[in-house]
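Along the sequence shown, the residues carry numbers beginning at 1. None of these values were measured; they are calculated from a predicted model.
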Amino acid sequence: MTDNQDLIDLVRTIPDYPKPGIQFRDVSTLLLDGPAFRRTIDRMVALVDPASFDLIAGIEARGFIVSAALSYALEKGKVMLRKPGKLPGKSVFIDYALEYGTDRIEMHVDAILPGQRVLLVDDLLATGGTAMAAVQLLRGQGATVEQALFIVDLPDLGGAEKLAAAGVTPGALMAFAGD
């Protein structure tokens, strides 16, 4: 992780959201700043080797913003990992636990060809529940997932360790202590 203080300064902290005791790291304030968002994407591009993956998978919703920009910059296709009932075609899904509830993500059954290498992208890595579910969903359809990329990592919550234990190298532009 490099010094990205210019970007860190643009991430807002919202206390007690979505429940008391949580310090929510809100990247929407960073996204409001066009030049800063461009720097964010440029710096994320610099963290990956485009030859090491075929597609980029983005997790709904803020992960779509980041993954779409990376897909454009790297000229890679994009797989959408969506909330339930949002995909028009036949889909597969996985249910998973969050730090404050449960959820489900889905993708089209024909989005991945067996053996395709996929870079997983989202805005924030916390406990790793959503990211691990995405890895399992992608791998379950035959994808190879070896790297995940985030704007923000909350290392005290252990998500990066879970990904690493599953053979996925996590990367992030910034980290915030605590929850």
Side-chain angles (χ1 to χ4, degrees), residues 1-2 27 30-31 37-38 40-99 102-155 157-175:
M1 198 171 319
T2 62
V27 300
L30 183 145
L31 300 177
F37 180 56
R38 183 181 186 125
T40 299
I41 297 304
D42 289 346
R43 291 175 193 176
M44 291 179 87
V45 164
L47 293 176
V48 297
D49 173 6
S52 68
F53 55 91
D54 306 305
L55 294 169
I56 298 173
I59 301 172
E60 190 170 350
R62 288 176 304 273
F64 279 7
I65 297 166
V66 180
S67 62
L70 288 170
S71 293
Y72 174 81
L74 295 168
E75 298 184 13
K76 299 286 185 175
K78 183 183 172 312
V79 178
M80 295 183 291
L81 304 180
R82 301 231 39 201
K83 294 180 180 177
K86 301 289 185 179
L87 294 170
K90 187 174 177 185
S91 62
V92 292
F93 66 88
I94 189 166
D95 292 316
Y96 63 100
L98 293 168
E99 57 269 30
T102 60
D103 211 344
R104 170 181 284 186
I105 53 173
E106 302 178 345
M107 69 181 223
H108 281 124
V109 294
D110 58 358
I112 302 290
L113 298 174
Q116 280 189 304
R117 300 164 303 156
V118 179
L119 170 67
L120 179 64
V121 174
D122 204 358
D123 67 316
L124 185 135
L125 177 60
T127 65
T130 304
M132 285 301 303
V135 169
Q136 292 170 353
L137 181 61
L138 291 161
R139 286 179 174 170
Q141 294 302 299
T144 299
V145 184
E146 295 177 338
Q147 187 173 12
L149 198 54
F150 307 89
I151 296 174
V152 175
D153 180 19
L154 304 177
L157 297 182
E161 292 172 0
K162 286 180 188 170
L163 286 172
V168 178
T169 302
L173 291 182
M174 62 188 80

Please name the pair of heavy atoms, one in [X] and one in [Y], separated by the smallest distance, quoted to 0.1 Å.
X      : Y      : result
Leu125 : Ala160 : CD2-N, 3.5 Å
Ala134 : Leu81  : CB-CD1, 3.6 Å
Asp95  : Arg104 : OD1-NE, 2.6 Å
Leu149 : Ala172 : CD1-N, 4.5 Å
Gly85  : Glu106 : N-OE1, 3.3 Å

Can you tell me how far the [atom1] atom of [X] sits from the [atom2] atom of [Y], to the nearest 0.5 Å?
X      : Y      : atom1 : atom2 : result
Tyr96  : Asp103 : OH    : CG    : 4.0 Å
Thr40  : Asp123 : OG1   : CG    : 11.5 Å
Met132 : Thr127 : CE    : OG1   : 10.5 Å
Leu173 : Arg43  : CG    : CZ    : 7.5 Å
Glu60  : Met107 : CD    : CE    : 15.0 Å
Phe150 : Ile59  : CZ    : CD1   : 6.5 Å

For the residue pair [X] and [Y], establish whether any side-chain heavy-atom pair is separated by less than 4.5 Å.
X      : Y      : result
Met174 : Leu30  : yes
Lys76  : Leu119 : no
Ile94  : Ile105 : yes
Val168 : Leu120 : no
Ile41  : Tyr72  : no
Leu124 : Ile151 : no

Identify whether NZ of Lys or CZ of Arg in Lys78 sits under 6.0 Å from the centre of the six-membered ring of Phe64 and within 45° of that ring's axis.
yes
Excluding sequence neighbours, so at least two apart, what forms side-chain hydrogen bond (donor to acceptor under 3.5 Å, both in side chains) with Arg38?
none
Please test Val66 against Val27 for side-chain contact (heavy atoms from CB on, under 4.5 Å), starting from the C-alpha separation and ending with a verdict.
CA-CA 11 Å; Val66 180; Val27 300; over 6 Å; no
Quick one: side chains of residues 49-58, donor-acceptor pairs under 3.5 Å with protein atoms, not counting sequence neighbours, listed by atom name and distance.
residue : atom : partner : partner atom : Å
Asp49   : OD1  : Ala51   : N            : 3.0
Ser52   : OG   : Asp49   : O            : 2.6
Asp54   : OD1  : Arg117  : NH2          : 2.9
Asp54   : OD2  : Arg117  : N            : 2.8
Asp54   : OD2  : Arg117  : NE           : 3.3

In short, side chain to side chain donor-acceptor pair (under 3.5 Å) pairs touching residues 136-145 with sequence neighbours left out are none
Can a donor-acceptor pair be found, under 3.5 Å and without considering hydrogens, that links the side chain of Glu161 to the backbone of Gly158?
no
